[in-house]
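To start, the structure under review is shown below, and the notes come after it.
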Amino acid sequence: MRFFHFHTPEQVPLSGIPDCAVAIDVLRATTTIATALAAGAEAVQVFAHLQQLQEVSQSWPAPKRLLAGERGGKTVAGFDLGNSPLDYTPERVRDKRIFMSTTNGTRSLQRVEGIPVVITAALVNLGAVEAFLKAEGFEEVWLVGSGWEGAFSLEDTVCAGGILHRLGCQNHLEQLGNDEAVAALALYQTWQGNLLQLLRCSSHGQRLLGIGPENETDLAYCADVDRLAVVPRQVQPGILASVS
Ligand code: MLT
């Protein structure tokens, strides 16, 4: 397997198609997607734009749908849910279709939706993603961070590095296809024992803590490695369902 890491959706090349893309938004979209599917949501359908989400969701039966919207770390007014993974409990989401739009995470999913296999990763499902990639044995995999409005984010890159480390790339450096992949592995090797502290230092971690100290519990949850055994996988463009 050969791995390329891109810090943001904007960095993803316009030409060339890998076998698999792994979309990453540790704080918090891909943590929340994994949590929703592990809690029994029927699927998560993602949108870059809120208006499109509202239009498409209307065609789904009202008792079977939940609208999830986040902008700037806060819940969008009038939506059922924001982007805190802790709100996605089985009681709330079981058998429901989640129509979701977030600031960056859903944009990165949209950027890679044409790639043959698309999955999502976060620290909470690192081991499940590791097992999936080992079992599939793809030739080329793109690890795509979401960043923040086009800029690098520590938490997505450390997660990419965690995937590379779990797959043993530190012993097979030839598997690292670009400088970003080498740097991601090094970031993970430095911080693997203290991931919560890294999330607290990150600019989006600081943003969330600035919105409210209660977001400390979200950071702790998002740093809780291997908590979930689910692999969210794209089953139709923009629609993710559970692969365990
Ligand atoms: C995003 O998509 O930018 C994030 O998931 C923001 C967040 O809710 O923390």
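Counting convention: from 1, in listed order, for ligands and their atoms alike.
Relative to the ring axis of Trp60, Arg97 places its NZ or CZ within 45° and under 6.0 Å from the centre.
By the 4.0 Å N-to-carboxylate-O rule, Glu130 lies close enough to Lys134 to be salt-bridged with it. By the 4.0 Å N-to-carboxylate-O rule, Lys96 lies too far from Asp80 to be salt-bridged with it. Using a 4.0 Å cut-off between charged nitrogen and carboxylate oxygen, Arg200 and Glu216 count as a salt-bridge pair.
Under the 30°/60° scheme for interplanar angles, the aromatic rings of His165 and Tyr188 are found to be tilted.
Pairs engaging residues 100-114 under the salt bridge (Lys or Arg N to Asp or Glu O under 4.0 Å) rule: Glu10-Arg107 [sequence neighbours left out].
Within 4.0 Å of ligand 1, contacts by protein heavy atoms are made from Asp25, Leu27, Arg28, Ala29, Glu70, Asn83, Thr102, Thr103, Asn104, Gly105, Trp148, His204, Leu208.
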